[in-house]
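Okay, structure first, notes after.
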Amino acid sequence: LVAMKYSIWTLVVLGFMAALVHLSFQNEEKAERHKSLQKRDVGMQPTTKAKVLRRQKRVWIIDAFSIVEEDKGPFPKTIGKINLERDYAVLYTISGPGVDEDPKSVFFIDLQEGTVFATQSIDYEQYRVFKLVFNAVNRTNFQTDTRLGIQILILDINDNAPLFGKRQYSFMVNESIAQGVAVARVTATDRDEPGTPNSTVIYSIVSQTPSSTINEFTIDPQFGTIFFRGCLKYEDAKKYKVLVQARDDGPVVKLSSTVEVIINLLDENNNLPVPTKQEYTGEINESEENVTVVTIQVTDNDTANSEAWKVIYKIVSGNEMGNFKIETNPKTNEGVLKVIKALDFEGGDKRQLNISIENIAPYFSCR
């Protein structure tokens, strides 16, 4: 109980008084009433944080009580008491949201004692504060003696786990991406009070499937950005399943949830095309044109029909007279060497060509 004594002075500027208390009053006391000043003691439980402003017999006080959300009771549960020391009897009433406005009947006050009760548990995520009006009425003349603005604060507990925005995340990543580059990002939110440990989200990776000795996925614990270190190899795994956890930092209990992140790899050119033979020979008559001389076969372990698999053949030397042309068979990836201009036997009975083989996509090597 905090007892406060104030000298009562007549205030003329009513607008100043109304700005402090933010309350309007329906009944005005008569100007001639209580011309002689009196001293009063006003007791408040719990300790009031507000200023007290008086005009004659009327008192304006703003006070705050609190109750922890999801309180288990038993109910009704005392959450505070207002004591007004008077030499005459008064009746106590409260009104506003939680009393006679939705949600109704959550709070009530003892008419005789001024004790405020809660009748049920309250969810912080639904209601964070109740602003009520308290009245003390003189039981003799039923005039309003005191009016207070009361706030009932709902205190948050850690009753919400962080939740991800999706049930599953899926990302496409190039096999050739450099390690240390972000490959994905996930986000989780917590409905508990913002800016507190109860709503602070911390990310971590629980597991990676398949596990690998040459690469590992990591996550930024604050922002949920996923990175990898090592080498990604499409031929070893076409996709990875990464289980990510989001946990809050509640001081008493820590709540968490998980989500599956699918990392799909796009095959890149980390396999060079290899000819099945290092030398090919063919024969042609001197006068023939537009005929196939040699078909060159290659193997490539990249994804078939991708640019990492498709081969480009080029004649590097031996075709100075323009007698030959080589093309790629789009179905088989073979190199088809043709004579497009008749050869002259007198120029020699042999021609030696050097041919280069490369893929359309540039080659990369993970180190």
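All residue numbers in this chain count up from 1 along the given sequence.
A single hydrophobic cluster is seen to contain both Ile150 and Val90, as judged by linkage of ILVMFWY side chains at heavy-atom distances under 4.5 Å, directly or through other members. At a threshold of 4.5 Å between side-chain heavy atoms, the hydrophobic network of Ile, Leu, Val, Met, Phe, Trp and Tyr places Ile355 and Leu272 in two separate groups. The cluster map of Ile, Leu, Val, Met, Phe, Trp and Tyr, joined by side-chain heavy atoms under 4.5 Å apart, puts Ile94 and Leu91 in different clusters. Both Phe171 and Val244 are assigned to one and the same hydrophobic cluster, defined by single-linkage of ILVMFWY side chains at heavy-atom distances under 4.5 Å. Cluster membership for Ile79 and Phe130, using ILVMFWY side-chain heavy atoms within less than 4.5 angstrom, is shared.
Side chains of Thr146 and Asn135: a donor-acceptor N/O pair is absent below 3.5 angstrom, by distance only. Under the 3.5 Å distance criterion, with hydrogens and angles disregarded, no donor-acceptor pair is assigned to the side chains of Asp302 and Asn359. In this model, a donor atom of one side chain and an acceptor atom of the other lie less than 3.5 Å apart for Asp267 and Thr303. For the residue pair Asp159 and Tyr124, no side-chain donor N or O sits within less than 3.5 Å of a side-chain acceptor on the partner. No hydrogens or angles considered: a donor-acceptor pair under 3.5 Å links the side chains of Glu125 and Asn160. Under 3.5 Å, the side chains of Ser257 and Arg247 contain no donor-acceptor pair of N or O atoms. A side-chain N or O of Ser317 and one of Asn354 form a donor-acceptor pair less than 3.5 Å apart.
The two residues Ile177 and Ala182 have their closest heavy-atom pair at CD1-O, 4.2 Å. In terms of heavy-atom proximity, Ile67 sits nearest to Ala118 at CD1-CB, 3.8 Å. Across Phe217 and Ile226, no two heavy atoms sit closer than the pair CD2-CG2, 4.1 Å. Looking at every heavy atom in both residues, Ile263 comes nearest to Ala184 through CD1-CB, 4.2 Å. Contact detail for Ala188 and Val201: the closest heavy-atom pair is O-CG2, 3.9 Å.
Between the side chain of Gln151 and the main chain of Lys131, no donor-acceptor pair closer than 3.5 Å is present. Looking at Gln245, its side chain never comes within 3.5 Å of a backbone N or O of Ile205 through a donor-acceptor pair. Listed for the Asn319 side chain is a donor-acceptor partner under 3.5 Å among the backbone atoms of Phe324. Asn329 places no side-chain N or O within 3.5 Å of a backbone atom of Glu334 that could act as its donor or acceptor partner. In this structure, Asp248 contributes its side chain and Thr200 its backbone to no donor-acceptor pair below 3.5 Å. Under the 3.5 Å distance criterion, the side-chain polar atoms of Arg185 are matched with a main-chain donor or acceptor of Phe223. Remark: side-chain polar atoms of Asn141 are paired, donor with acceptor, to backbone N or O of Gln143 under 3.5 angstrom. Side-chain atoms of Asp110 come within 3.5 Å of backbone N or O of Gln112 as a donor-acceptor pair. Distance alone, capped at 3.5 Å, places no donor-acceptor pair between the Asp71 side chain and the Ser121 backbone. Using a distance-only test at 3.5 Å, with no hydrogens or angles considered, a donor-acceptor pair links the side chain of Glu175 to the main chain of Glu268.
Taking the side chain as every heavy atom from C-beta outward, Val298 and Thr276 never approach each other to under 4.5 Å. With a 4.5 Å cut-off on side-chain heavy atoms, Asn270 and Cys366 do not count as touching. Side-chain contact between Val261 and Val186 is present, with at least one heavy-atom pair separated by less than 4.5 Å. Within the 4.5 Å cutoff, side-chain heavy atoms of Asn215 are placed close to those of Gln208. Put simply, the side chain of Val242 does not reach to within 4.5 Å of the side chain of Glu260, judged on heavy atoms. By the 4.5 Å heavy-atom criterion applied to side chains, Thr115 and Ile109 are not counted as neighbours. The shortest distance between side-chain heavy atoms of Tyr127 and Pro103 falls below 4.5 Å. Within the 4.5 Å cutoff, no side-chain heavy atoms of Asp300 are placed close to those of Val274.
Centroid-to-centroid, the aromatic rings of Phe117 and Phe107 stay 6.0 Å apart or farther.
Salt bridge Arg128/Glu193: absent, no basic N to carboxylate O contact under 4.0 Å. The pair Lys277-Glu279 does not meet the salt-bridge criterion, since no charged nitrogen lies less than 4.0 angstrom from a carboxylate oxygen.
Residue-environment remark: CD (Gln352) stays at or below the threshold of 12 foreign heavy atoms within 6.0 Å. For Met172, the CE atom is densely surrounded, since the number of other residues' heavy atoms within 6.0 Å is greater than 12. Around the NZ atom of Lys166, the shell of radius 6.0 Å holds no more than 12 heavy atoms that belong to other residues, nucleotides or ligands.
Rounding to the nearest 0.5 Å places CG of Leu132 at 9.0 Å from CG of Asp100. Between atom OH of residue Tyr240 and atom OG of residue Ser212 there is a gap of 4.5 Å, rounded to the nearest 0.5 Å. Taken to the nearest 0.5 Å, the CZ atom of Phe227 stands 9.5 Å off from the CD1 atom of Ile219. Expressed to the nearest 0.5 Å, how far CD of Glu320 lies from CZ of Arg351 amounts to 10.5 Å.
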Kindly determine whether Glu289 and Lys338 satisfy salt bridge (charged side-chain N to carboxylate O under 4.0 Å, His left out), including the steps that lead there. CA-CA 8 Å; Glu289 292 183 352; Lys338 294 182 178 180; over 6 Å; no

Just do the side-chain contact (heavy atoms from CB on, under 4.5 Å) check on Asp236 and Ile214 with the steps written out, would you? CA-CA 10 Å; Asp236 292 341; Ile214 65 171; 3.9 Å; yes

Quick one, Asp123 with Glu69, criterion side-chain contact (heavy atoms from CB on, under 4.5 Å). Give me CA distance, side-chain angles, the key distance, then yes/no. CA-CA 5 Å; Asp123 184 6; Glu69 73 161 326; 3.1 Å; yes

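The aromatic rings of Tyr169 and Phe164 stand perpendicular to each other, their planes meeting at an angle above 60°, with 30° marking the opposite boundary.
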